[in-house]
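To find a chain, count down the sequence lines: A is the first, B the second, and so on, and within it residues start at 1.
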2 protein chains.
Amino acid sequence: MSRYLKQTRILVAVDCIIFGFDGQELKLLLIQRGLEPLKGRWSLVGGFLKENESLEDGAAHVLQQLTGLQGVYMEQLYAFSKPDRDSVERTISVAYFALIDLDQYRQQLSEEYHAEWVSLRGLPDLIFDHKEMVAEAKKRLRYKAALHPILFELLPDKFTVPQLQNLYEGVYDSLFDKRNFSRKVLSTGLLVKQKSKDKLNSKKGAFYYKLDKRKYNAKFHSFLNFIPNPNKF
Amino acid sequence: MSRYLKQTRILVAVDCIIFGFDGQELKLLLIQRGLEPLKGRWSLVGGFLKENESLEDGAAHVLQQLTGLQGVYMEQLYAFSKPDRDSVERTISVAYFALIDLDQYRQQLSEEYHAEWVSLRGLPDLIFDHKEMVAEAKKRLRYKAALHPILFELLPDKFTVPQLQNLYEGVYDSLFDKRNFSRKVLSTGLLVKQKSKDKLNSKKGAFYYKLDKRKYNAKFHSFLNFIPNPNKF
DNA sequence: CCAAAAGTGTTAGGTTTACACCCATGT
DNA sequence: ACATGGGTGTAAACCTAACACTTTTGG
């Protein structure tokens, strides 16, 4: 293979903003950095792009290494490229955000990486421009969730409507009317009511629902308007 | 400065999908490639990222070199990274799309680059994965224009409502009801009616409008819903 | 005077919001 | 029996879409 002459080759990294929901609040999966410099400081999960990998592959590898999970929802967020963003060497980083069902992932939290789920409020300091990346990811998540049923990716297979509302309220840091919320959600036809109830969060119990995968895939790109007054956000 | 050891450094390019509107239809600014291989084949405008440049800077430089324009609307589209996407050498390319007022740019079309405005229907073959980039850019433009007043960036300072509708109809390849369209558009409060009329396109003449820059900036990120039945698209 | 494009109003249907009470059950 | 959270209905305001006729003027 020939090459382009006299051009600068640059390190390319992938960083993943991994959101999870524990039923109460939104969390981020962070690690304590393993290499010097800045060893021990909090950081997003990431890695350098390998010779024969696409960015999508790279992001999937990063996630799989850390969580063991595959087939997780992931989306390219943005390519960050300020020349001095990495203090060691010039690196551009393409950030991806991932949504994972925190329940499905209770395994070893890869001791090896000192990974932890950290509440989105009160994040610790992060290295480089990772804080900016997280801010962008939050913005994008809010934007997208206002229009598309993306937040289901954060929930387990079976979930209740109050749980779902809780999640939306967490993401938008507001309270929604439960009558309007459940009507809107159910009217999409995306949910299939189950016979069983979740009895953990109330005495009466709340019915479980499952996603109708077929309709979910079909309507994923439709504009659905789950939250009231979206222009407030 | 120290460096990361044993990591692969990769060529990083910036490619720009430049949309323009000539009053009739949407066009793309393409060039005939200057370097071998594939010399003379149609290509997006692009360049390699320089040592001390951010991607945003790189994209702005590319655009400025070709058109002489600055301060143009631009947005990062996506980082394309298939290992074999460039047949010469592995390169990742971060694509940006730009919207420019074709009138404001009637100058030399930089003979030097063999640039041309090409109609979006019936594009020629493009090198590498540039066709895919264009397809993504079209998708993004439609998506975004359904929600935000982004298409004004393609119009001259003064424009008429029928011209604006024309543009929307071009982007969505459909016809909209002019009564509903003008009501929606005017109800945003974004437009300021001028005294003068455009008499080129009709005998009666159509009033010119200008953007209220203040309100435009304020409402740019609001959800505005300019087109009917957005879920059709 | 005619063709061509601009401009404008109404109504019906649907969607969104605000709001309050009853239900089931574990303690 | 009571506290807790789950579940449901209605009416008013608003928004969207469908639809047709009049105006202006250059040729």
Taking only residues two or more places apart in sequence or in another chain, which ones pass salt bridge (charged side-chain N to carboxylate O under 4.0 Å, His left out) with [X]?
X	result
A:Arg179	A:Asp177
A:Lys144	A:Glu75
A:Glu132	A:Lys82
B:Arg121	B:Asp173

Item to check | Contact boundaries on DNA chain C for chain A, cut-off under 4.0 Å to non-hydrogen atoms | outcome: C:dT16 to C:dG26
Item to check | Between B:Thr160 and B:Asp198: side-chain donor-acceptor atoms closer than 3.5 Å | outcome: no
Checklist entry - B:Ala137: what forms a side chain to side chain contact (heavy atoms under 4.5 Å, CB included) with it, not counting sequence neighbours? => result B:Ile17, B:Phe19, B:Leu77, B:Phe97
Item to check | Listed partners of A:His61 passing side chain to side chain contact (heavy atoms under 4.5 Å, CB included), at least two apart | outcome: A:Glu53, A:Asp57
Checklist entry - Is the shortest side-chain N to carboxylate O distance from B:Arg41 to B:Asp125 below 4.0 Å? => result no
Checklist outcome for this item: Judged by nearest nucleotide, the residue sitting upstream toward the 5' end of DNA chain D, B:Lys199 or A:Val161, is A:Val161
Item to check | Ring center gap for A:Tyr73 and A:His148 short of 6.0 angstrom | outcome: no
Checklist entry - Is the centre of the A:Phe176 ring less than 6.0 Å from the centre of the A:Tyr168 ring? => result no
Checklist entry - Which ones in residues 221-233 of chain B lie close to DNA chain D, meaning a heavy atom under 4.0 Å from one of its atoms? => result B:Asn225, B:Pro228, B:Asn229
Next on the checklist: Let's see if you get this right: which residues in residues 166-193 of chain B place a heavy atom under 4.0 Å from DNA chain D?
Outcome noted: B:Asp177, B:Arg179, B:Asn180, B:Arg183, B:Lys184
Checklist outcome for this item: The complete set of side-chain hydrogen bond (donor to acceptor under 3.5 Å, both in side chains) pairs with one or both residues in residues 208-228 of chain A, sequence neighbours excluded, reads A:Glu153-A:Tyr216
Which atom pairs, one a donor and one an acceptor, fall under 3.5 Å between side chains of residues 226-233 of chain A and the rest of the protein, sequence neighbours left out?
| from | atom 1 | to | atom 2 | distance (Å) |
| --- | --- | --- | --- | --- |
| A:Asn231 | OD1 | B:Phe223 | N | 2.6 |
| A:Asn231 | ND2 | B:Phe223 | O | 3.3 |

Checklist entry - Which is the 5'-most and which the 3'-most nucleotide of DNA chain D that has an atom under 4.0 Å from a heavy atom of chain B? => result D:dT16 to D:dG26
